[in-house]
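I have placed the structure first, in the form of C-alpha cells, so that the comments after it can refer back to it.
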Amino acid sequence: MPELPEVETIRLALEPHLVGRRFEDVEIRDPRLVRPFEPTAVAAELEGERVAALDRRGKYLIVRFESGRVLLIHLRMTGSLRHAAAGSLADDPHRRAVVKLDDGSDVAYRDVRRFGTWHLLEPEEVDEYLAQRLGREPLDRTFTARRLAERLDRRRAPVKAALLDQRTVAGLGNIYVDEALWRAEVHPLRPAASLDADEIARLTKGIRDALRTAIARQGSSLRDYSTPDGRRGRMQERFRVYGREGEPCARCGTPIDKIRAGGRGTWYCPNCQRLQPRSAQAARRSAKRPSRSSRHSSA
DNA sequence: AGGTGGACCCGAACGC
DNA sequence: TGCGTTCGGGTCCACC
C-alpha cells in the first residue's frame, strides 16, 4: 500500500539520518526479504558500506553506497521503516531486519505480510533493473501529457489497469489511481487508448496533484504505514473516492460507487466520471425505452 | 503480444 | 462465542 507519496515521505525523513552513515551491523530475520540469497550473506555484504545518497524511483527506495553498490528496498503492501536511537524501539514480532548505523541509531524494517524485498545490486545493474520495470517519474518535468498519451496509445485495457502498470507511470497504486481519475473526471473502465487530448491533459494534472497533495500530508495511514518517526500520514482524511462507497462526491454530491477494475476494488463518482458521453447515454436509453418524442420520430 | 487472473502473505472483517 | 471463509493489494508469472 505504500505508493509514491508514502515512499517519498520515508525518503525525505530518512535522508538526513542515513547519508554519510556506515552500516555497522545488519540483521536480516526473514529469508524472504533477500530470497534467493542467504540472509547472513547479504547482511555481511552490507556491513561496512557507507551511504552516499538516498533516492527514490517509483515505489523503490534507493540506498546508494559510496562503493557504487545499491540497496533497492521495496515495501510492497505492508513494509515500513523506523529510525530511532539504538535499543529504543519496542519489540515487534513483525520486525524483519535491523541496521545499526555508526552514529548509534537503528533503522528497523517491519513487514506484516512479508511481500517486501531488499535487493542488493552492483553499480552496473541498477539502471537496467529499474528501466525494465518503471516508466517515467510523474513528478518530473519530463512527465507530460504527450508522454502519457504515448504510453496509453493502442492499449485496450481499462485506463485504471494501464495506470497500475508501473511501466506506464512509476509509483501509482490502487489508492492514487482512483484519486487521480476522480480529479481528471475519467471513468476507470475507459479503454486507455480511447482518451482524447483533453482527458489526457486532465489525467496528467490529476496524477501530479493527487501525488503532491499526498506528499504534503506525509502519505496515507490506513493500517500499516507510518513515517520513520512513527507518526501517521494524514492523506486518508482527504480521499475523494478511495474507500468512500456511498458517501457524496465532493464535486457533485452523487454517492460514490464501487466496482472492480484492473482486478482491484475501484471507487469513482458515477456522475463526474462517465463511461459514455452524456449524449450517447441519452441516445442508448431512448433506443431501449423510447420517450414520447423519439417514438414519434422513429415510427 | 497485450491482457487477465492466480500466487504469494497474513490480519481483519465477515458469515454462520 | 467461535470458527471457517473472504478480502485486499504490488508485483511476478503462467496462460490465453
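In the text below, chain A, chain B and the rest are named by the order of the sequence lines, each starting its count at 1. Note that these values count all heavy atoms, side chains included, but never hydrogens, waters or copies made by symmetry. The shown structure was predicted, so the numbers you read here are calculated from the model rather than taken from an experiment.
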Can you say whether a donor on the side chain of A:R113 sits under 3.5 Å from an acceptor on the base of C:dG8, or the other way round? yes
Among C:dT11, B:dC8, B:dG11, find the nucleotide with the atom closest to the side chain of A:F115. B:dC8
Is the shortest side-chain N to carboxylate O distance from A:D92 to A:R82 below 4.0 Å? no
What is the distance, rounded to the nearest whole Å, between atom CD of A:Q132 and atom C1' of C:dT11? 14 Å
Would you say CZ of A:R231 has more than 12 non-hydrogen atoms from neighbouring residues, nucleotides or ligands within 6.0 angstrom? no
Does C:dG10 have OP1 or OP2 sitting under 4.0 Å from an N or O in the side chain of A:Y176? no
Does A:R264 make a side-chain N or O approach to OP1 or OP2 of C:dC7 shorter than 4.0 Å? no
Heavy atoms within less than 4.0 Å of DNA chain B: which residues of residues 144-167 of chain A have one? Give them sorted by number. A:R155, A:R156, A:A157, A:P158
Specify the separation, in whole Å, of atom CD of A:E245 and atom P of B:dA13. 16 Å
A:M77 atom CE is separated from B:dG11 atom P, nearest whole Å, by 13 Å
Could you check whether A:H119 and A:Y129 have their ring centres less than 6.0 Å apart? yes
Length of the line joining A:L172:CG and C:dT11:C1', which is rounded to integer Å: 15 Å
Give a yes or no answer on whether the side chain of A:D178 reaches the backbone of A:V241 with a donor-acceptor pair at less than 3.5 Å. no
Short N-O contact, A:E49 and A:R22, less than 4.0 angstrom: no
Are the charged groups of A:R96 and A:D111 less than 4.0 angstrom apart, N to O? no
Side-chain donor/acceptor of A:Q166 to backbone N/O of A:L172, under 3.5 Å: yes
A:H74 side chain near C:dT11 phosphate (N/O to OP1/OP2, under 4.0 Å): yes
Expressed in angstrom and rounded to an integer, what is the separation of A:Y225 atom OH from B:dG11 atom P? 22 Å
Starting at atom CZ of A:R35, determine the distance to atom C1' of B:dC8, rounded to an integer number of angstrom. 8 Å
Can you tell me the distance, in whole Å, between the CZ atom of A:R114 and the C1' atom of C:dC12? 18 Å
Any side-chain N or O of A:R260 under 4.0 Å from OP1/OP2 of C:dG8? yes
Select base, sugar-phosphate, or nothing to describe what A:G263 touches, counting heavy atoms under 4.0 Å on all strands. nothing
Distance in angstrom units between A:D111 CG and C:dG9 C1', rounded: 12 Å
